[in-house]
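Below, all heavy atoms of this structure are taken into account, side chains as well, without hydrogens, waters or symmetry copies. Here, residue 1 is the first one in the sequence, and each next residue gets the next number.
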Amino acid sequence: MQFRHSLTRCSAAAAVVLLGLAPGLPAAAASSSTIGVAAGANLEGISVYDTADVLNDEKIKDALSSIDFNEPTKVAVFSRQGEYSDDINSETLAFAREEHPEWISQDAEDYGDYWADGYFIITLSVEGHGDGQIGTYFGEDRKVSTSQMESIHEAGYEDFNLSRWTDGVIAVGAKGAKIMNRPWYKNPALWITTGVAGGAAGATGLVVLGVRASRRKEFEANLSTGREHLSNVTMDLDTTELSARTLPTGSRHAADLERRFADFMAKYRTLFARQQELEAATKKTRSSGSGVALSKDFIDTAQQLDATDDAIIAAAALYTRSATWQEAWRAQTAPILEDLAELPELLGGPDKKLGPAGSALRSFADTAQQEVQAVGTDLAAQVIDVDTALDRLSERRKQLTERLDAYAAARIGAYAKSEAEEKQMRAKLRKQRYASTGTRSGGSILDVTSPAEFFWRVSAFNIGYQSAVKAVDSSRQAASSSSGVSTGYSGGGSFSGAGGSSRF
């Protein structure tokens, strides 16, 4: 759920910010006097900034340290003396900007626009005996819906109304910890719907088993796919070495491939050893998050090697005009031709009303395929060399990317109703764009040698746009069903972090 935040001023008084809590503790049991101090899981740190001088720092730290988080989370608690008219959303952002910029995203793409990943922030504004406001703020990877945020706030109301500030903060933190990044099998509705009535211990056991089983399944899938890519590299190894030696000097594209081949063998040997380690991994390792991360790195690296050797072999065929050069050329044109084939469906719907952006993309689709065919004809007749042919293909793909950029802006502008929604949609599109630009096998030289941001695939655009619309629709639905939760920030500029506040 996306919530807009805008903070204009920093109050001299402070706020209570809790960054990232854990999901294992029921709100009803959140009173710090009853919470044990057994080490929790996935808690990456707790910071308490009690400028209102109403909190027991150690009690909060001990209580929250006993909670198991669904995902690694940082916790910060910040209290402030305030007034009824205060906008604590804005006060929280102002405090973070001036005192704790690490709470705000430092990513180059989203710099200063969102709360930093991994954080869960709770702000307590004390305004009188049992009166005040409670705010919770989330990194983009921890955000919750408005209704969920309301239930997090409600967990502390009873304690807050009795001026039990420390216990209220602990209750809010515990409830947030339970909800943030909650897996489907931890949703209470699941147990009600399916008639599961086992005790808490049994449910916890099922959750743990479910997580471990899911991780082992993902580990095995990554290992299996990575093994296939590495096997392809092994079978082609002699051909790849021979092809690399036949690449011509003085060619821009060939020189780039030669530089990549210089590291190819070292990466191959390292990856082969890593495969053996993963295959020998224990059940415990396969069930762990770190084990899954290792298997993911294995498949990514294996895929990159497989794509690189295919590109080297294809390049050698093109530059030497071997018997397979035409097949190698088809591998170069495949990405752009696939994109062009998908454009009619992309442009056939409501986009007819998008004006110049849609028209420019449609016009490009009508002519680009003929231009790609003309490049192949010129190469076959030796009117142009391989480098020139690849440059012309690259130019077509960059032109498509530029038009997709303009088209994306038009579609976002037509669908979004606010600046926050526009930013949300752009972020979803950007994420899918770069997630789909990893090198793949097939022999495309440009996919291996060109920076990821050069080319935007039409399939990635489609998936990204659908994801963006779904996210915005979800935000609108959550916002419309919210009750008593303020999610707006005044004077925050482009800041669009997730979170909000309510009164108690």
Side-chain angles (χ1 to χ4, degrees), residues 1-4 70-71 105 107-111 113-118 138-149 179-184 187 214 218 221 296 299-300 303 335 338-339 341-351 353-354 357-358 361 400-438 440 452-481 487 494-499:
M1 173 63 199
Q2 184 81 28
F3 309 102
R4 299 191 62 188
N70 288 317
E71 297 287 348
S105 173
D107 184 88
E109 293 291 338
D110 300 318
Y111 184 79
D113 290 340
Y114 301 93
W115 298 111
D117 282 352
F138 310 83
E140 285 298 286
D141 59 347
R142 296 290 178 274
K143 60 188 178 182
V144 300
S145 70
T146 302
S147 60
Q148 288 175 323
M149 183 167 59
I179 290 177
M180 287 185 302
N181 299 96
R182 178 171 60 193
W184 64 268
N187 192 323
S214 176
E218 183 177 359
K296 182 64 167 62
I299 186 178
D300 288 344
Q303 185 179 22
E338 290 171 2
D339 286 335
E342 293 171 354
L343 282 179
E345 182 178 356
L346 176 68
L347 297 168
D351 315 311
K353 300 179 180 179
L354 291 180
L361 193 55
L400 174 58
T401 296
E402 291 169 357
R403 285 158 177 77
L404 280 174
D405 277 328
Y407 186 66
R411 293 198 69 167
I412 290 172
Y415 196 84
K417 297 180 179 179
S418 67
E419 181 181 347
E421 288 187 353
E422 289 181 2
K423 290 179 68 65
Q424 186 177 22
M425 294 185 75
R426 284 196 295 270
K428 288 292 184 181
L429 279 163
R430 181 171 58 248
K431 180 179 180 180
Q432 184 59 44
R433 173 177 176 176
Y434 293 125
S436 303
T437 53
R440 61 191 180 94
E453 65 270 18
F454 267 29
F455 308 131
W456 193 355
R457 301 301 306 272
V458 173
S459 58
F461 177 94
N462 275 324
I463 295 172
Y465 183 76
Q466 292 168 9
S467 176
V469 169
K470 183 177 180 180
V472 168
D473 287 346
S474 177
S475 296
R476 291 174 181 173
Q477 182 178 9
S480 65
S481 62
T487 58
S494 64
F495 193 77
S496 302

Taking the side chain as C-beta and beyond, is there a heavy-atom pair between Val469 and Arg411 under 4.5 Å? no

Any residue meeting side chain to side chain contact (heavy atoms under 4.5 Å, CB included) with Asp117, in chain and number order, not counting sequence neighbours: Glu140, Asp141

Take Met425 and Tyr465, measure what side-chain contact (heavy atoms from CB on, under 4.5 Å) needs, and give me the verdict at the end. CA-CA 7 Å; Met425 294 185 75; Tyr465 183 76; 3.7 Å; yes

Over all atoms of both residues, closest heavy-atom pair of Ser496 and Lys423: OG-CD, 3.3 Å

Would you say that Leu429 contacts Ile412 through its side chain, given a criterion of any heavy-atom pair below 4.5 Å between the two side chains? yes

List the atom of Phe138, the atom of Gly499, and the distance in Å for their closest heavy-atom pair. CD1-CA, 4.0 Å

Kindly determine whether Ser459 and Glu342 satisfy side-chain contact (heavy atoms from CB on, under 4.5 Å), including the steps that lead there. CA-CA 7 Å; Ser459 58; Glu342 293 171 354; 3.7 Å; yes

Does the side-chain contact (heavy atoms from CB on, under 4.5 Å) test come out yes or no for Asp473 and Tyr415, once each step is laid out? CA-CA 10 Å; Asp473 287 346; Tyr415 196 84; 2.5 Å; yes

Between Ala427 and Tyr114, the two heavy atoms sitting closest are CB-OH, 4.4 Å

Residues at least two apart in sequence or cross-chain that pass salt bridge (charged side-chain N to carboxylate O under 4.0 Å, His left out) with Arg403, listed by chain then number, are none

Run the side chain to side chain contact (heavy atoms under 4.5 Å, CB included) test against Lys296 and tell me which residues pass, sequence neighbours left out. Asn222, Ile299, Asp300

Is there a side-chain contact between Trp115 and Phe495 (heavy atoms, below 4.5 Å)? yes

Can you tell me how far the CZ atom of Arg142 sits from the CG atom of Asn70, to the nearest 0.5 Å? 9.0 Å

State, yes or no, whether a side-chain contact exists between Arg457 and Ile463 at a heavy-atom distance under 4.5 Å. no

At their closest point, which heavy atom of Ala416 faces which heavy atom of Glu422, and how far apart are they? CB-CG, 3.5 Å

Can you tell if the side chain of Met180 reaches within under 4.5 Å of the side chain of Val144, non-hydrogen atoms only? yes

For Ala116, side chain to side chain contact (heavy atoms under 4.5 Å, CB included) partners two or more places apart: Tyr119

If you measure from CG on Asp339 to CH2 on Trp456, what distance do you get to the nearest 0.5 Å? 12.0 Å

One pair to check against side-chain contact (heavy atoms from CB on, under 4.5 Å): Leu346 and Leu361. What are the steps and the verdict? CA-CA 10 Å; Leu346 176 68; Leu361 193 55; 4.1 Å; yes

Across all chains, not counting sequence neighbours, the side chain to side chain donor-acceptor pair (under 3.5 Å) partners of Gln148 are Ser145

Check side chain to side chain donor-acceptor pair (under 3.5 Å) between Asn462 and all other residues, then give those that pass, not counting sequence neighbours. none

Do Lys428 and Lys470 have side chains that approach each other closer than 4.5 Å (heavy atoms only, starting at C-beta)? no

